[in-house]
Amino acid sequence: MTWLERMRGRGASQTVVSGADDRPRESLSTALFDQNQVFEGEVTSFDPHVGLGLVRLDCKPVCELRFHCITIDDGSRSIGVGRRVTVRLKPSFGGELEVAALHKLG
């Protein structure tokens with residue numbers, strides 16, 4: 001059972017993840033979070049001037065998480081929209097989930 005499957009239905013420490021259109025997605029729990037789990041996804045937006053972007057994870061419910069260019073593990077600090085990636089997540093200071101490390105696939 002994956003972390004994402006375990007966290008569904010748990011009431012502790014809920015966080016709302018917003019999509020690229022700023023509509024809230026389903027809440028995610030950080031109570032049973034496993035920082036070693038790797039998720040696959042796709043970059044849906046990236047602003048190279050600010051260094052911020054969104055990655056949509058291949059999971060149910062659909063969730064998009066913010067990332068900063070310093071989390072890109074090859075040191076390039078740049079990535080194209082539509083690029084397939086793997087990510088590791090971590091809880092942020094506000095309790096929401098954020099990308100801790102982003103690895104480009106292919």
Side-chain angles (χ1 to χ4, degrees):
M1 179 181 290
T2 68
W3 166 81
L4 205 49
E5 293 168 337
R6 286 194 315 263
M7 68 165 197
R8 303 241 19 231
R10 305 293 175 139
S13 186
Q14 297 288 317
T15 182
V16 175
V17 178
S18 294
D21 54 4
D22 287 331
R23 291 186 319 206
R25 301 292 190 242
E26 203 166 320
S27 296
L28 299 176
S29 172
T30 59
L32 298 175
F33 182 67
D34 179 4
Q35 290 185 344
N36 295 318
Q37 189 165 355
V38 176
F39 295 92
E40 219 173 285
E42 181 177 314
V43 175
T44 57
S45 70
F46 183 70
D47 183 344
H49 300 291
V50 181
L52 296 174
L54 288 172
V55 62
R56 181 183 310 127
L57 302 182
D58 296 341
C59 63
K60 302 277 185 200
V62 172
C63 60
E64 289 182 314
L65 298 172
R66 294 178 187 93
F67 70 91
H68 190 268
C69 64
I70 63 170
T71 62
I72 301 171
D73 66 0
D74 66 1
S76 66
R77 297 193 178 205
S78 180
I79 192 165
V81 173
R83 183 75 184 252
R84 297 292 301 167
V85 295
T86 59
V87 296
R88 282 188 305 110
L89 307 177
K90 68 177 182 177
S92 69
F93 292 113
E96 296 179 357
L97 292 176
E98 66 182 15
V99 175
L102 186 143
H103 177 75
K104 297 175 184 175
L105 294 176

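All values below were derived from every heavy atom in this structure, side-chain atoms included, with hydrogens, water molecules and symmetry-related copies excluded.
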Point to revise | Sole residue of Val99, Leu89, Val85 in side-chain contact (heavy atoms from CB on, under 4.5 Å) with Leu57 | key: Leu89
Check your understanding: Tell me, which pairs form a ring-ring contact (aromatic ring centres under 6.0 Å, His included) where one or both residues lie in residues 58-81, sequence neighbours left out?
Key -> Phe46-Phe67
Review point. What residues form a side-chain hydrogen bond (donor to acceptor under 3.5 Å, both in side chains) with Glu42, not counting sequence neighbours?
Key: none
**Study point:** Under 4.5 Å side-chain linkage, directly or through intermediates, the cluster mates of Leu52
**Key:** Val50
**Study point:** Short N-O contact, Arg56 and Glu64, less than 4.0 angstrom
**Key:** yes
Exercise for review: Under the side-chain contact (heavy atoms from CB on, under 4.5 Å) rule, collect the residues that match up with Thr86, sequence neighbours excluded.
Suggested key: Val38, Glu40, His103, Leu105
Check your understanding: Does any non-hydrogen side-chain atom of Leu65 lie less than 4.5 Å from one of Val87?
Key -> no
Exercise for review: Measure across Ser92 and Glu98 and return the closest heavy-atom pair with its distance rounded to 0.1 Å.
Suggested key: CB-OE1, 3.3 Å
Review point. Is any side-chain heavy atom of Leu102 less than 4.5 Å from a side-chain heavy atom of Ile79?
Key: yes
Study note, to complete from the structure: Rounded to the nearest 0.5 Å, the CG atom of Leu54 sits from the SG atom of Cys63 at a distance of 11.0 Å
Check your understanding: Does anything in residues 72-81 pair up under salt bridge (charged side-chain N to carboxylate O under 4.0 Å, His left out), and if so which pairs, sequence neighbours excluded?
Key -> Asp74-Lys104
